[in-house]
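All remarks here apply to the structure that follows.
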Protein chains: 2
Amino acid sequence: MRVDRPADRREQILEVAARLFAERGFHGVSVGDLGKAVGISGPALYKHFDSKDAVLAEMLIAISERLLAEGQQRVDRAGNAADALRALVDWHVDFALAQPSLIVVQDRDWRSLPAPARERVRSLQREYVDLWAAQLRRLRRGLTLDQARSIAHATFGLINSTPHSRLLPDDAMRPLLREMALRSLDV
Amino acid sequence: MRVDRPADRREQILEVAARLFAERGFHGVSVGDLGKAVGISGPALYKHFDSKDAVLAEMLIAISERLLAEGQQRVDRAGNAADALRALVDWHVDFALAQPSLIVVQDRDWRSLPAPARERVRSLQREYVDLWAAQLRRLRRGLTLDQARSIAHATFGLINSTPHSRLLPDDAMRPLLREMALRSLDV
DNA sequence: CGGCTAGGTTAACGCTCATTAACCAGCCTC
DNA sequence: GAGGCTGGTTAATGAGCGTTAACCTAGCCG
């Protein structure tokens, strides 16, 4: 029959898993479901991953790294703190609109990770938060680190709300989120 | 031994369940865990609730109703749209700071509800969103309903981020969230 | 040609979980 | 003081899950 690209099974599994985990939660998707959704069945998954946990781990570590790496690059290219924050907002908004499933899984299911992966993800997230926090503190000198982190967290919450509403087309959602985020940051 | 108030078992179960569900997720807490946490064991829970699902259902319906009812009252008491929005922000911020567990469970685990309860909760949430949306549209005439809803959703995301960070004491968090929320709404 | 490897299959295992069954003690009421 | 709620107990049940075992086939390589 050859319905789907045999491209790379691993990649395919990760994509499909992101969608399913987002819809029904990590524990709401069985290995059997996941297999069926990619056209193989059940235990064949173990030819590609060590465990169900490992699928989640690879998925979450990859996006945390990507979010941080690209964020860092954009900050490096920016001339000043305000520009850096604008660039960070753009990046995060684009990412949230392009990968709503990953956003959902990342903040709903990170608790299901095995301890070492969980620590890795938490640590990458902390770095990402601190990337934002540092720019905020360059811009508004009075801010403590924890204040700046709290502000960053709140703005993430704002942007990450996208997957929960999705009432407008992306072209309308993008500027709306950008402006709300920038106003919330007072940039 | 008599360690805890025997006040009302039902109530106690709901409180403890909120905390546990928030920490480990609905599927991450077994009926046995829940029983142990309130000092009874396992199946005794069925003397108070029809099922594990029913605990979640009662919890989520109750808070959705409370959020809406109080929100409605505050709007009714407000003189104009801007005051109404300020009152809604205050209410939502206070609630999120007082009941972080419920906030977490509500938006992480509503998918685990049995269909009728899920519909009830979704419908109450829609009403609550529309309460905000209506005030936004009174204030900024050009807004479509879906635009206003999207804005409300984003601001909820901002405020509901509280339980994920919690780096500052409530007294510092409250004004920070209030101001960010109001700026995000452009009020 | 012969065998290794990659990527599948189905069957079986063992565990956990929600739920039910069966039973029991104390208390309130008539 | 007999009897029925109320709120517990432990044991059993049955389903679903992640994972492992055992086996198979096709293609590549020497």
Side-chain angles (χ1 to χ4, degrees), chain A residues 1-18 20-21 23-60 105 108-118, chain B residues 1-18 20-21 23-60 105 108-118:
Chain A
M1 263 257 290
R2 280 248 133 295
V3 149
D4 23 275
R5 61 267 134 110
D8 195 358
R9 247 315 131 71
R10 250 184 104 74
E11 216 56 41
Q12 188 197 6
I13 290 171
L14 285 167
E15 284 169 26
V16 170
L20 292 183
F21 292 169
E23 281 167 12
R24 319 211 291 263
F26 180 69
H27 290 296
V29 178
S30 73
V31 169
D33 294 339
L34 187 42
K36 196 181 313 178
V38 299
I40 63 183
S41 217
L45 190 123
Y46 290 81
K47 299 291 161 138
H48 304 280
F49 292 91
D50 283 348
S51 64
K52 189 191 174 195
D53 287 349
V55 176
L56 183 66
E58 183 157 330
M59 188 168 96
L60 294 193
V105 176
R108 199 220 291 110
D109 289 320
W110 65 267
R111 271 165 265 249
S112 301
L113 287 170
R118 185 166 61 239
Chain B
M1 265 255 292
R2 279 250 133 294
V3 150
D4 24 277
R5 58 271 135 109
D8 194 358
R9 247 314 131 74
R10 250 185 103 76
E11 216 56 40
Q12 188 197 5
I13 290 171
L14 285 168
E15 284 169 28
V16 170
L20 292 182
F21 291 169
E23 281 167 13
R24 319 210 289 264
F26 179 68
H27 290 296
V29 179
S30 73
V31 170
D33 294 338
L34 187 42
K36 196 180 313 178
V38 299
I40 63 184
S41 217
L45 189 123
Y46 291 82
K47 299 293 162 142
H48 304 280
F49 292 91
D50 283 349
S51 65
K52 188 191 174 194
D53 287 348
V55 177
L56 183 66
E58 183 157 329
M59 188 168 97
L60 293 194
V105 176
R108 199 218 294 111
D109 290 320
W110 64 267
R111 273 165 262 249
S112 301
L113 286 170
R118 185 167 60 238

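Note that the structure is predicted; figures quoted are calculated from it, not measured. Naming: A, B, ... by sequence-line order, numbering from 1 per chain.
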Does [X] make a side-chain N or O approach to OP1 or OP2 of [N] shorter than 4.0 Å?
X: B:Arg9; N: D:dT6; value: no
X: B:His48; N: D:dG8; value: yes
X: B:Arg10; N: D:dG7; value: no

Atom pair distance, as rounded to whole Å: [atom1] in [X] and [atom2] in [N]:
X: A:Glu11; N: C:dG7; atom1: CD; atom2: P; answer: 14 Å
X: B:Leu45; N: D:dT6; atom1: CG; atom2: P; answer: 17 Å
X: A:Phe49; N: D:dT19; atom1: CZ; atom2: C1'; answer: 16 Å
X: B:Asp8; N: D:dT6; atom1: CG; atom2: P; answer: 13 Å

Distances under 3.5 Å between protein N/O atoms and the N/O atoms of nucleotides 22-26 of chain D, please, pair by pair.
none

Are there any protein N/O atoms within less than 3.5 Å of an N/O atom in nucleotides 15-18 of chain D, and if so, which ones and at what distance?
from, atom 1, to, atom 2, distance (Å)
D:dG18, OP1, A:Lys52, NZ, 2.6
D:dG18, OP2, A:Val31, N, 2.7

- [ ] Find out whether the Lys NZ or Arg CZ of B:Lys52 is both under 6.0 angstrom from the six-membered ring centre of B:Tyr46 and within 45° of the ring's axis.
- [x]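 No, cation not above the ring by the 6.0 Å, 45° rule.
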TODO: For B:Leu14 and B:Val55, work out which heavy atoms get closest and say how close.
DONE: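 Heavy-atom minimum between the residues: CD2-O, 3.7 Å.
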- [ ] Dump the intermediate steps for salt bridge (charged side-chain N to carboxylate O under 4.0 Å, His left out) on B:Glu58 and B:Arg10, then the final yes or no.
- [x] CA-CA 11 Å; B:Glu58 183 157 329; B:Arg10 250 185 103 76; 2.4 Å; yes
- [ ] Classify the side-chain pair B:Ser30/B:Asp33 by whether it contains a donor and acceptor separated by less than 3.5 Å.
- [x]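 There is such a pair between these side chains.
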Is the backbone N or O of [Y] less than 3.5 Å from a side-chain atom of [X], with the two atoms forming a donor-acceptor pair by type?
X: A:Arg9; Y: A:Lys47; value: no
X: B:Asp53; Y: B:Leu113; value: no
X: A:Arg108; Y: A:Phe21; value: yes

Open item on the list: Once rounded to the nearest 0.5 Å, what's the spacing between atom CG of A:Leu34 and atom CD1 of A:Ile40?
Closed with: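 It comes to 7.5 Å.
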